[in-house]
There are 2 protein chains.
Amino acid sequence: MMLCPKSAYHHGDLRDALLVAAEEQLEEEGPAGLSLRKLGRALGVSPGAPYRHFEDKDALLTELATIGFRRLYEMMLAEQEGAVGGQARLRRSGIGYLKFAYAHPGLFRLVFGWMPTGDAPQRTESGDAAFAGLVDILEQCARENLLREDPMSAGLLAWSAVHGAAFLMIDNNLKLCSLEPDPEMIGNQLHHALWSGIAK
Amino acid sequence: MMLCPKSAYHHGDLRDALLVAAEEQLEEEGPAGLSLRKLGRALGVSPGAPYRHFEDKDALLTELATIGFRRLYEMMLAEQEGAVGGQARLRRSGIGYLKFAYAHPGLFRLVFGWMPTGDAPQRTESGDAAFAGLVDILEQCARENLLREDPMSAGLLAWSAVHGAAFLMIDNNLKLCSLEPDPEMIGNQLHHALWSGIAK
DNA sequence: ACTTGAATGTATGCGGCGTTCACTTAGAAT
DNA sequence: ATTCTAAGTGAACGCCGCATACATTCAAGT
């Protein structure tokens, strides 16, 4: 392992460098503006070099999406740290979801909105894990006898709501509701209405 | 207006033909796979011809997004036809939203997920109109004394939920909840949980 | 009917991109 | 020291977005 490359010829850690630079370009210019050649140029490497580490552009984006999904899940876990009770955990993990989307809108959109040629299996695995986390929380709620419905139905609504709010936030559509794009605030408001329903 | 072009030179209705063909390509290959040259080729016209009708590729996509937003709104209106009472209207228009996303996933993603260089004003207008429709329904609910919260808060949750469910549906993530991507069913389930809340 | 100007489509070319491939280099294993 | 392999080079191909100069058709206006 060569962490400090002395030779200009071999970069030493091109694969990781590509992923880091790719995420940066993704946030700045979207998936269309991301170019392997540009990445190579930015890292002082030839146009063909990235292909030693990724089969093609889709492969890089798929890996980025997989990493992004894992980081989203980690953010949800980190945010529930210390929360006790199913309701609090649900609220905090939703806020984690929104915080991630707000901090990394390009990556968030890549993870969900952009499917690199037919359901990459690794990405789906990450998704399974994240959803399993949500179900775990809702099952705790069920054990605590808090739920009106079965965990799956509640899970659909909870996930849909936070997922949709994340998109509305990063697409700057919240102004239609006269709301600021503040993950903490939106998350709390969402949770409140979700928990007790919108009807009398 | 020349609807049946006799001369091979002038297409006669290239602009509309481009939009139609573009939507087709969008659904088949996504916004990245959509190419003005390919559209020209498919319509038997030179590579530069589309630029007589659209300033650039972004302009075409922006127009497509604007049209898509309007059609989404129309589908929501059509679906509430005949429904009386705020609650029924809310449920039906949500189902219209989901039906549109399910029928035109590429267009739906374009409308929301893809922002062609900085907030095209027309697209935003269409969004305003659609959201105004939602607010109208919720204000009717408020007049009927059905709502626990103010219309805006309820609107945030309702829109978020249906928006998120639409994305989960077209990204084929509903299988994580063991649910079929059936707009009518999902819409009803969502509405039920939304209306009464998930908690006891 | 004739002219004229605008609208529409063609031909061509530039630079960037994804991708491939034959070649070179550097470092590790023997 | 030799060999083997992973990593990078540089040139090439075709496609793309886009710009420009040119050609053709249509619709008035006289």
Side-chain angles (χ1 to χ4, degrees), chain A residues 1-22 24-26 28-65 110 114-118 120, chain B residues 1-22 24-26 28-65 110 114-118 120:
Chain A
M1 178 80 70
M2 165 85 66
L3 286 178
C4 170
K6 284 157 193 162
S7 76
Y9 197 93
H10 280 88
H11 179 284
D13 197 17
L14 185 54
R15 190 187 157 88
D16 282 352
L18 281 169
L19 286 169
V20 170
E24 199 171 329
Q25 268 206 26
L26 179 68
E28 280 172 6
E29 322 196 34
L34 193 159
S35 123
L36 292 191
R37 295 180 96 107
K38 214 184 313 185
L39 289 180
R41 232 178 292 134
L43 298 173
V45 109
S46 82
Y51 288 85
R52 287 286 152 195
H53 302 276
F54 298 97
E55 195 178 354
D56 54 22
K57 188 181 173 181
D58 270 12
L60 194 162
L61 287 175
T62 299
E63 173 122 4
L64 217 49
L110 179 70
W114 198 77
M115 199 65 49
T117 54
Chain B
M1 178 80 70
M2 165 85 65
L3 285 178
C4 172
K6 287 159 192 160
S7 76
Y9 197 92
H10 281 87
H11 179 284
D13 197 17
L14 186 54
R15 189 187 158 87
D16 282 351
L18 281 169
L19 286 169
V20 170
E24 199 170 329
Q25 267 204 28
L26 179 69
E28 279 173 9
E29 323 197 32
L34 194 160
S35 123
L36 293 191
R37 294 178 99 108
K38 214 182 316 186
L39 290 180
R41 234 177 292 135
L43 298 174
V45 109
S46 80
Y51 288 86
R52 286 289 153 195
H53 301 276
F54 298 96
E55 195 177 356
D56 55 22
K57 187 181 172 180
D58 271 11
L60 193 162
L61 287 174
T62 299
E63 174 122 2
L64 217 48
L110 178 71
W114 198 77
M115 200 62 53
T117 54

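Each chain gets a letter, A, B and so on, in the order the sequences are listed, and its residues count up from 1. Because the structure is predicted, anything quoted here is derived from the model rather than measured.
The distance from atom CZ of Arg52(B) to atom C1' of dC26(D) is 15 Å, rounded to the nearest whole Å. Atom CG of Asp56(B) is separated from atom P of dT20(D) by 14 Å (rounded to the nearest Å). Taking atom CG of Leu14(B) as the reference point, atom P of dC26(D) lies 15 Å away to the nearest angstrom. Rounding to whole angstrom units, OH of residue Tyr51(A) and P of dA22(C) are separated by 17 Å. Rounding to whole angstrom units, CD of residue Glu55(B) and C1' of dT20(D) are separated by 15 Å. Between the CG atom of Leu60(A) and the P atom of dT19(C) there is a distance of 10 Å, rounded to whole Å.
For His53(A) against Arg15(A), the heavy-atom pair with the smallest separation is O-NH1, 3.0 Å. Taking all atoms of both residues into account, the shortest heavy-atom contact from Leu60(A) to Ala22(A) is CD2-CB, 3.6 Å. The two residues Val45(A) and Pro50(A) make their nearest non-hydrogen contact at CG1-CD, 4.4 Å.
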Identify each atom pair where a protein N or O and an N or O of nucleotides 12-17 of chain C are less than 3.5 Å apart, giving names and distance.
| unit_1 | atom_1 | unit_2 | atom_2 | d |
| --- | --- | --- | --- | --- |
| dC17(C) | OP2 | Arg41(A) | NH2 | 2.4 |

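Around the CD atom of Glu24(A), the shell of radius 6.0 Å holds no more than 12 heavy atoms that belong to other residues, nucleotides or ligands.
The side-chain heavy atoms of Leu26(A) and Pro31(A), taken from C-beta on, include a pair separated by under 4.5 Å.
Taking only side-chain nitrogens and oxygens, His53(A) never comes nearer than 4.0 Å to OP1 or OP2 of dA6(D).
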*Leu19(A) and Phe54(A): side chain to side chain contact (heavy atoms under 4.5 Å, CB included), yes or no, with the steps?*
CA-CA 10 Å; Leu19(A) 286 169; Phe54(A) 298 97; 3.9 Å; yes
